[in-house]
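Heads up, the thing below is written out as structure tokens.
Each chain gets a letter, A, B and so on, in the order the sequences are listed, and its residues count up from 1.
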Amino acid sequence: MKKKNIIVVVVIAAIAALLLIWGLAQRRPIAKVAETDAETAEIMTEEIKETAEPEEAAAQDEEQSGAEKAENEKEQPSIEETGSRSGTAVKKAEEYLEANPAESYLLITTQSNIYTPIPLNEEGSFRITRADGSENVIHIGKNSFYMESSNCDNQNCVGQGEVTLETMNTRILYNMVLCLPHELTLEMIVPDEAKEVLTEIYQMQEEYEAFLAAQEAGETEELPGDEQDAA
Amino acid sequence: MQRKNTRRLALSALFVALMLVLGYIESLIPIGTIPGIKLGLSNSVLLLAIYWLGVPSAFCLMFAKVILSGFLFSGVNAMMYALAGGLLSMAVMTILNKSGGFSPIVEGIAGAVAHNVGQVGLAIIILKTDKLVYYMAVLMFVGMATGFATGTAAKLLMERLPESMRPQSRQ
């Protein structure tokens with residue numbers, strides 16, 4: 001009887017350890033800090049092989065180092081997949097980044113929207129309200145943000161603390177603050193990731209406008225993908 | 001026969017009340033920097049219910065606890081996460097129990113870990129992000145510790161509580 005018990009506990013611990021290592025591989029290196037852990041480096045290359053996005057991998061290969069490539073591959077599941085990058089979208093993304101330079105950006109994701117990344121330069125707070133009455137007040141500062149208040153019944157988000165550029169890799173929740181009842185995710189992203197997100201957003205926008213134009217011309221009835229808002 | 005049903009009913013009600021009180025008390029204990037950590041003391045009551053009242057009743061107790069404590073304490077929005085955690089936890093504890101030969105301590109460990117995995121797993125699915133996996137792994141280790149505590153509590157309860165409290169036969 002005792003052996004069974006030990007086996008179960010060991011199996012659980014092994015699974016947890018594996019997930020821990022995989023989770024550690026999700027960390028985002030800031031400004032190309034080399035991953036010294038051999039295992040995490042292995043896992044990151046495996047991730048690159050596993051996510052089968054050949055067109056996007058080809059487009060990104062010239063621009064990015066291996067570490068950032070792994071991040072971008074993982075960035076994609078949260079945004080609708082598209083084919084090749086449209087040149088105008090990339091250009092618009094670069095223009096936005098030049099107009100709003102910062103060392104880090106705040107990316108807000110709700111259930112239905114992704115907002116344009118907000119440069120984290122000055123102090124301030126702003127409020128996000130949604131149609132169902134949910135409100136979140138977010139305080140941002142230089143390379144930091146935290147959830148100032150929220151009208152959710154949980155208040156877990158308020159207690160999750162602050163995300164700064166320094167603590168972004170060592171927090172339990174990494175670079176995120178989550179308000180689960182409101183399905184609101186706040187993420188701190190570096191400029192390269194911001195460019196990625198922006199390109200996606202503008203590309204979605206273009207496709208949606210093209211779809212609208214085509215619809216008016218009575219040509220197609222199909223839906224493109226998810227809608228995106230530009231804040 | 002009637003006496004046994006009344007005993008089961010009274011015991012079930014007692015267990016639900018106990019779980020609600022435990023849930024409230026453990027929400028007062030500050031754990032630290034990790035958000036969403038709960039001691040999960042109710043799992044010891046549910047484990048005892050599996051042994052004493054049978055699996056269907058234990059599931060009913062879990063549902064009752066999730067719904068009631070959702071309305072009373074944690075809020076309706078968070079209820080689905082508690083439900084996911086509770087379901088997975090009960091499923092794992094039931095499977096281990098019915099397979100036989102496992103110590104209640106190990107069932108407690110597995111139940112607590114499953115509870116945390118269910119909660120964070122649901123968050124991962126809903127938010128469509130895989131960045132929470134590290135958080136889930138941390139919670140799994142914490143769950144092993146809390147599960148050890150709740151499993152031990154359940155084992156001690158089963159050994160120390162008078163046999164007269166236990167319903168004679170399962171329904």
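The backbone N or O of A/Asn175 sits nowhere less than 3.5 Å from a side-chain atom of B/Lys131 that would complete a donor-acceptor pair.
The salt bridge (Lys or Arg N to Asp or Glu O under 4.0 Å) analysis of residues 100-126 of chain B, with sequence neighbours excluded, yields no pairs.
Contacts between B/Tyr81 and chain A at a heavy-atom distance below 4.5 Å involve the side chain alone, from C-beta outward.
A/Val9 is linked by a side-chain contact (heavy atoms from CB on, under 4.5 Å) to B/Val106, B/Ile109, B/Met144, counting only residues two or more places apart in sequence or in another chain.
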B/Leu132 and A/Leu178: CA distance, side-chain angles, deciding distance, side-chain contact (heavy atoms from CB on, under 4.5 Å) verdict: CA-CA 10 Å; B/Leu132 285 174; A/Leu178 305 169; 3.7 Å; yes
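The residue from B/Leu127, B/Ile126, B/Leu122 that alone fulfils the side-chain contact (heavy atoms from CB on, under 4.5 Å) condition with A/Leu180 is B/Leu127.
When all heavy atoms are compared, the tightest approach of A/Ala16 to B/Ala137 is O-CB, 3.6 Å. For the residue pair A/Val8 and B/Phe102, the shortest heavy atom distance occurs at CG2-CE2, 3.3 Å.
Distance OG/B/Ser103 to NZ/A/Lys2: 9.0 Å, rounded to 0.5 Å. Once rounded to the nearest 0.5 Å, the distance linking CE of B/Met136 with CG of A/Leu19 reads 5.0 Å. B/Tyr135 contributes atom OH, which lies 10.5 Å from atom CZ of A/Arg171 (distance to the nearest 0.5 angstrom).
Atom CZ of B/Phe148 is surrounded by 12 or fewer heavy atoms from other residues, nucleotides or ligands within 6.0 Å. Within 6.0 Å of CD on A/Glu135 lie more than 12 heavy atoms contributed by other residues, nucleotides or ligands. The local environment of CZ in A/Phe126 is crowded, with over 12 non-hydrogen atoms from other residues, nucleotides or ligands closer than 6.0 Å.
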